[in-house]
Amino acid sequence: MTNKVTAFHLLLAAQFALIAASMFVNIKIGLFSMVLILLFTTICLIQLGNDERTNWKPGQNIMTYFFIVWLLFYILEILNPNNVMAAWNINLTPYALTPLICAFVVPIVIRTKKDIELLLIIWSIFVLIFTLKGYWQKNHGFSSKDLYFLHVVGGARTHIIWSGIRYFSCFSDAANYGVHAAMSTVTFAIASFFVDSRWKRIYFLFIAFCGIYGMGISGTRSAMGVLMGGMLMITVIAKNWKALLGGIFISISIFAFFYYTNIGSGNQYIHKMRSSFHPTEDASYLVRVENRMRMKELMAKKPIGYGVGLSTGNFEPKEQMPYPPDSWLVGVWVETGIVGLILYLGIHGILFAWCSWLLMFKVRNKSLRGLVAAWLCMDAGYFIAAYVNDVMQYPNPLTVYIGFALCFAAPHIDKRISEEEKEKELVATQKTDEQI
């Protein structure tokens, strides 16, 4: 492995390490994340520039061009009369820099299947840490830092509720933890079927189980959207009738279990998950629907939104949306207006279609296609959850856009695999001829 590839893997590890370190000390994750991303990206680019063998072409892809356009729109938001530069600066990394950096750097530095597997192994280590922290909270109680969040900051209002305690591990809240746990469940469950080693398969399935455990103790209903979205996505891109029928059967079974039965409702976590399949019976959902109708009236006069980062009420702009956005996509709408929302959804919609096409028709190696498909399926589920919850929180952005970018790296990796196989065949043929 080369140093330039290691630098990007270290970036992923550092992002997760920030979340893990927050168990012990207060960290301004947004600030440190920006510093880490810029530092490791600079190291990658310097090392790539010093290597004459570097092929820059994989970085020149449609994802890169799309996010250059999105970055330009983000910069234009400075002209929004309601803009607050402090909010704009804080949101620069997750909104614009992270997707653009992933789009350009990942297809260049991720060159083999082992590179992809190493990304998964790094992620898996931190999934274990997050799971252990969640387990400790549930079975041994909260730390002094956790208690401060619950009883001083006010987290108890949303985490100690009628259905029980929602555990949040190292994350900012239970919703963020539950969605991230679901992301890991989808990715590692699918990837486990496409690794070459039996032990890796068992290990990845264990990590997927850890994700399911995290989903359960977090009590996050939107996490079910990640699972269902990932399941449906794999049936689309599998190019296999058995996988298609199996995925449809499992999806229908999960839906039927939660929607039509009351099995396991005595368990607070199953009861919480089941409520996500009956939204019209949920008072909080009805309040959200009513708030969105009121938002729609106000947003008619704000085609470019209230300003980046100004949907949360953490700043004091000239004008403030009086109703809190209940999800990431609603937040994008409030902050960037209908213009920004259409651009954002258009970019990601085309990306999903383009990435699916690449995996289905441009990647022949089944193992490689499956490993990358695991990331894309996670992305599909993630954006379903983004409609119902604010999920674009650390460390999710980097993980999500690595998933998209790997799809653009995959055809180049597939080409190298084909060339290596041809070389092996040629060498074997020459040896056979020499023996004859």
Heavy-atom pair of closest approach, residues I413 and K113: CG2-N, 4.0 Å
Whether F130 and F126 hold their rings parallel, tilted or perpendicular, with breakpoints at 30° and 60°: tilted
F204-F193 aromatic ring centre distance below 6.0 Å: no
Salt bridge (Lys or Arg N to Asp or Glu O under 4.0 Å) between E290 and R294, intermediate numbers included: CA-CA 7 Å; E290 186 177 344; R294 293 172 178 172; 2.5 Å; yes
Pair W328 and W333, ring centroids less than 6.0 Å apart: no
For P107 against G59, the heavy-atom pair lying closest together: CB-N, 4.4 Å
Least distance between heavy atoms, M183 atom then V400 atom: CE-CG2, 3.9 Å
Steps toward ring pair (Phe, Tyr, Trp, His ring centres under 6.0 Å) verdict (F404, F352): CA-CA 8 Å; F404 283 120; F352 273 116; 5.0 Å; yes
Shortest non-hydrogen separation from G309 to F315 and the atoms involved: O-CD1, 3.7 Å
Where I207 and V127 come nearest, the two heavy atoms and their spacing: CG2-CG1, 3.8 Å
Note: D146-K133 ion pair, threshold 4.0 Å (strictly below): yes
N176 side chain vs Y394 backbone, donor-acceptor pair below 3.5 Å: yes
Sub-4.5 Å side-chain heavy-atom contact between W56 and L48: yes
Whether W123 and W375 hold their rings parallel, tilted or perpendicular, with breakpoints at 30° and 60°: tilted
Close aromatic pair by centroid cut-off 6.0 Å: F142 and Y167: yes
Partner of V372 by side-chain contact (heavy atoms from CB on, under 4.5 Å), out of I116, I237, L358: I116
Donor on one side chain, acceptor on other, Q47 and N50, under 3.5 Å: no
Presence of salt bridge, R292 and D326, under 4.0 angstrom: yes
Exercise: identify the closest heavy-atom pair between Y74 and N91: OH-C, 3.1 Å
Side-chain (N389) to main-chain (S222) donor-acceptor, under 3.5 angstrom: no
Any side-chain donor near an acceptor of the partner, S33 and Q15, under 3.5 Å: yes
Polar contact flag, side-chain donor to acceptor under 3.5 angstrom, E335-Y95: yes
Name of the residue among F67, W70, F66 meeting ring pair (Phe, Tyr, Trp, His ring centres under 6.0 Å) with H348: F67
